[in-house]
There are 2 protein chains.
Amino acid sequence: MSIAGRITAQDVAKLAGVSQSAVSRVFTPGASVAPKTAAKVRAAAKTLGYRPNSLARAMITGKSRIIGLVVAYLDNQFYPVAIEKLSHALQAKGYHVLLFMASNDPGEMDRLMDDLLAYQVDGIITASVAISNDVTRRCADAGIPLVMFNRGQPGSGLSSVTSANALGGRKVAEFLLAGGHQRIAHISGWQGASTGRDRARGLIEGLAEAGLAPHAMIDGMFNRDKAAAAARELMDSPDPTDAIFVGNDHMAFAVIDSLRAMGLRVPQDVSVVGYDDVPMAAWGAYDLTTVRQPLVRMVDATVETLLAQIDDPARGAQAVEIDAPLILRGSARLPEEGT
Amino acid sequence: MSIAGRITAQDVAKLAGVSQSAVSRVFTPGASVAPKTAAKVRAAAKTLGYRPNSLARAMITGKSRIIGLVVAYLDNQFYPVAIEKLSHALQAKGYHVLLFMASNDPGEMDRLMDDLLAYQVDGIITASVAISNDVTRRCADAGIPLVMFNRGQPGSGLSSVTSANALGGRKVAEFLLAGGHQRIAHISGWQGASTGRDRARGLIEGLAEAGLAPHAMIDGMFNRDKAAAAARELMDSPDPTDAIFVGNDHMAFAVIDSLRAMGLRVPQDVSVVGYDDVPMAAWGAYDLTTVRQPLVRMVDATVETLLAQIDDPARGAQAVEIDAPLILRGSARLPEEGT
DNA sequence: AGCTTTTGTGCATACGTTTGCAAATCAGCT
DNA sequence: AGCTGATTTGCAAACGTATGCACAAAAGCT
């Protein structure tokens, strides 16, 4: 019965009539301890309600079993769901998640790095946040593996996990062309991010193979308001588009809202295709045709890559790309049968 | 230039020509240290890239400056946004967030408690997750403050921050009555949660004052599928309702999707009112009339309550309720002018 | 200058663990 | 019984910091 104050391994040792080391060994998986004493210790621990202090353990072993997770925005549904899955996956591996919110202010990440290092995290996952070279260097210096989730940084020597964004853009191009669209515009993801650039490039390449070019390209910055404005601009023009590929679902919803507010029908007047396949894309109000980022596989690849790098610091960075299938729904006109 | 390995206060001390204690004092806000030596130490720290080890600091002070944040689901947009704000608010106060995902399996929370205690968190915030008496007791034993966000546990002696849910339900009742609705149904939040019960009770009381009773009550369990099924059931009946108050926005969206799929128009055929006012409620596709939970004020109250309890463990629990205004949009028929 | 009061510093201990090492116990043999 | 080898155990030293205590240095005063 613990009145107050922390219960330590000493207390348990005293009650069980063994040394403190013995207690430690009982709670250390690989250690050598006789079944009989283990039983005594476990009994004592249970009555006192003892749990080893993870912080003290981290000090001595040099492994905190904490992963720093840095996220910029949570209003795009893709990220909450990703966090949920990442967190579950890491919990299952015995790691814990220290959550950091970063604005996209570049200085912000540097400040967060201080906290991350101070808490001796074993590894870092960043989701949709820009990494300066300084941050990269400090991670390398401290020997802390970092994996970028859903964003790459070519030439940075950092691991990343993304979907096959360029290929995804290509698939959209082919699909829209097959559907008979002539004037295909792109409201892109932020061109400062690999994710945004690659999707745009894929679309352009896909159209080029048919001898076409995008009817228009506008940087939507992954921002709803920007995307909505872009949609209005595209349709107000004397030569409006007949299909819009939007850089992610989050913007695509804003685009559809905006089109409907203009009295246009989707997909009769204009087709819309998104990217991500967040749960909301399947909801009746949008029924969005989109490219699915296979979240579970991306999450699995992320923790696998990160843990591999933690276990073997000599292992180099790797950039994983996961195939992203096109999901057909009602927001884009379908190709004719038998094409 | 750090080649590898952690830089400790010892290293800095050596370089600066002072004792390790001096270095510690420079990084401890209230401590007594001469400006001159502070400067020397800071310089040495900067060239070595030194940051105090938070884990070691936590060991000695007994304060980890870590808050455990336990969340059940992230698919309801209310919670991601809440997490974002909570995290920012805590970061601003020098705390950090250890994130735990809990299923609503009651045993799950007990297991998480082990981890929370092992990491010596200074406090716990739970968002929409059930707390067993056992968990309550263990927190009390360990002297760890806990505040429940967006859920209360009457008689548990636990702090909580919610909106004024019952009053909110009342407001909806009055508003729908004023709008001339006769058959008002409720697809409630989970009746196992105070939040769901209080909103339902408010509606019932509000209708009772006008001598009415709900036309129907169905427990939607905060679940989209359940809510959609409930909506179909309500409208398929020989005596369909003319207004549905839904226990939260997340379910309300499913209800609207479901109604539209039946060929019904919102609000011409049936009015829908939600609860939360998540960002999505303002989007064109739903334009949902709803009760706004003032997120910023709830978050502020939560961290204020928690930190007050951390600073003064003797302070008792308190249940904060924050007024929740009704936000009028297009999903519910408005009362006549001049009523 | 001599005294007292304030301020700054170093020494040493403590926080709660893990783990190498050596001593001690135990089991398995002849 | 005596020896060998394997297993279990306790001792003590770490990990990197904060902090009480004693003392040194500086500052304030008449």
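Labels below follow one simple rule: chain letters A, B, ... track the order of the sequence lines, proteins then strands, and each chain is numbered from 1. Just so we're clear, the structure is a prediction, and the values are computed from it rather than from any experiment.
Among all heavy-atom pairs drawn from B:Ile83 and A:Met101, the shortest one is CG2-CE, 4.4 Å.
When rounded to the nearest whole Å, the span between CG of B:Asn53 and P of C:dT17 equals 17 Å. For the pair B:Lys40 NZ and C:dG8 C1', the computed distance is 12 Å after rounding to whole Å. Rounded to an integer number of Å, the gap from CZ of B:Phe27 to C1' of D:dG16 is 14 Å. Between B:Arg65 atom CZ and D:dT17 atom P there is a gap of 17 Å when expressed in whole angstrom units. The CG atom of A:Leu55 sits 14 Å away from the P atom of D:dG16 (whole-angstrom rounding). As rounded to whole Å, 5 Å separates atom C1' of D:dA14 from atom CD1 of A:Ile60. In this structure, A:Gln10 atom CD and D:dA12 atom C1' are separated by 12 Å, rounded to whole Å. Atom-to-atom, CD of B:Gln20 to C1' of C:dG8 comes out at 16 Å; the value is rounded to the nearest Å.
Close to C:dT9, at under 4.0 Å from its OP1 or OP2, lies a side-chain N or O of B:Thr37. Within the structure, every side-chain polar atom (N or O) of A:Ser21 is placed at least 4.0 Å from both OP1 and OP2 of D:dG10. Put simply, A:Tyr50 has a side-chain N or O that comes within less than 4.0 Å of OP1 or OP2 on C:dT17. At the phosphate of D:dG16, neither OP1 nor OP2 sits under 4.0 Å from any side-chain N or O atom of B:Thr8.
With DNA chain D read from its 5' end, the first of the two nearest nucleotides for A:Val33 and B:Ser24 is the one closest to A:Val33.
Side-chain N or O atoms of A:Glu84 include one that pairs as donor or acceptor with a backbone N or O of B:Leu74 at under 3.5 Å. A donor-acceptor distance shorter than 3.5 angstrom exists from the side chain of A:Gln153 to the backbone of A:Ile131, with no hydrogens or angles considered.
For A:Thr61, taking side-chain heavy atoms from C-beta onward, the closest of the listed nucleotides D:dT17, C:dT18, D:dT9 is C:dT18. Minimum atom distance to the side chain of A:Ser32 is reached by D:dT9, of the listed D:dT17, C:dT18, D:dT9. You'll find that the side chain of B:Ser19 is closest to C:dG10, out of C:dG16, C:dG10, D:dC11. The side chain of A:Met59 has D:dG16 as its nearest neighbour among C:dG10, D:dG16, D:dT8. Side-chain proximity of A:Ala34 to D:dT8, C:dT9, D:dG10: nearest is D:dT8.
Nucleic acid contact class of B:Val23 (heavy atoms, under 4.0 Å, all strands): none.
Side-chain rings of A:Phe27 and A:Tyr50 approach one another, their centers coming within less than 6.0 Å.
Within a 6.0 Å radius of CD in B:Glu304, other residues, nucleotides and ligands contribute 12 heavy atoms or fewer.
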